[in-house]
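Structure record follows, encoded as structure tokens.
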Amino acid sequence: MTTSGRDLSPARMVHAYVVRPLSGLLRQGITPERLAVSISCGITVGICPLVGTTTAACTMLAILLRLNLLAMQLGNWLVWPVQIALVVPFLVMGDRLFGPGRLVNIERIAALLRDDALLALQTVSRVVIHAAAAWAVCAPFVFVV
């Protein structure tokens, strides 16, 4: 596959967007251990079910822990398809952690929006917070792996 003379094969893309930046970091003096911790933190934060918050969370964590921001963001961005795939499992896990039967379905949300928008917002917020708690339970295991 080429577009205007560029090879867009998956192997070349991985080399250009993953291998080359990481090897550049190693040449700048970051230790392999520190690089691994930075990438692991980025991946762990990157699967958080709070879609849209992971870039800011990785940035703050990198500053607080003095980790490599580029490596963290690389890990974060590489797992965004996994993050999207895990939103529903985290919602279900959060529902099971905080008691069965609380998971909101689309029909209930629509009915709540018609009847009481504030209650709908509170209900959805509670479900999302439960999903984030489920992620927090799994996060240490993800980081270690």
Side-chain angles (χ1 to χ4, degrees), residues 1-110 112-113 118-145:
M1 286 190 254
T2 60
T3 302
S4 65
R6 298 176 124 198
D7 185 5
L8 298 178
S9 70
R12 292 221 185 233
M13 289 178 68
V14 167
H15 182 74
Y17 295 108
V18 178
V19 175
R20 193 177 306 149
L22 292 178
S23 62
L25 288 173
L26 288 172
R27 284 192 298 272
Q28 290 177 3
I30 187 171
T31 65
E33 294 81 14
R34 201 81 171 146
L35 184 60
V37 168
S38 297
I39 292 172
S40 293
C41 281
I43 289 171
T44 302
V45 172
I47 64 165
C48 179
L50 303 176
V51 178
T53 64
T54 58
T55 298
C58 280
T59 301
M60 289 186 283
L61 195 60
I63 291 168
L64 286 172
L65 300 177
R66 297 190 179 278
L67 296 173
N68 187 283
L69 178 59
L70 175 63
M72 282 190 71
Q73 293 297 357
L74 182 63
N76 175 25
W77 294 333
L78 285 174
V79 296
W80 73 264
V82 178
Q83 176 191 28
I84 300 303
L86 289 177
V87 167
V88 171
F90 280 132
L91 287 170
V92 171
M93 186 178 173
D95 182 53
R96 292 201 176 137
L97 282 174
F98 292 94
R102 294 184 180 209
L103 190 63
V104 176
N105 61 30
I106 298 300
E107 293 83 21
R108 183 164 178 228
I109 293 173
L112 280 174
L113 282 172
L118 183 59
L119 181 60
L121 181 62
Q122 290 172 342
T123 304
V124 171
S125 297
R126 188 177 319 112
V127 170
V128 170
I129 289 169
H130 291 172
W135 166 80
V137 168
C138 296
F141 302 107
V142 172
F143 177 79
V144 169
V145 170

Would you confirm whether Gln73, through its side chain, and Cys58, through its main-chain N or O, come within 3.5 Å as a donor-acceptor pair?
no

Residues that Cys48 engages under side-chain contact (heavy atoms from CB on, under 4.5 Å), provided they are two or more places apart:
Leu50, Thr54, Trp135

Should Thr55 and Asn76 count as side-chain neighbours, where that means a heavy-atom distance under 4.5 Å?
yes

Rounded to the nearest 0.5 Å, what separates atom OG1 in Thr59 from atom CG in Leu69?
5.0 Å

Return the minimal non-hydrogen interatomic distance between Met93 and Val137, and the atom names on each side.
CE-CG1, 4.1 Å

Smallest heavy-atom separation, Arg34 atom then Leu65 atom, equals NH2-O, 3.1 Å

Leu35 versus Ala71, closest heavy-atom pair with distance
CD1-CB, 3.6 Å

Mind checking whether Ile43 and Phe143 have side chains closer than 4.5 Å, heavy atoms only?
no

Please give me the minimum heavy-atom distance between Val45 and Ala57, naming the atom from each residue.
CG1-CB, 3.7 Å

Going by heavy atoms in the side chains, are Val127 and Leu91 under 4.5 Å from each other?
yes

Would you give the length of the straight line joining atom SG of Cys138 to atom CD1 of Ile47, rounded to the nearest 0.5 angstrom?
7.0 Å

Which pair of non-hydrogen atoms, one from Ala139 and one from Thr44, has the smallest distance, and what is that distance?
O-CG2, 3.5 Å

Closest non-hydrogen atom pair between Val51 and Gln83, with its separation
CA-NE2, 3.6 Å

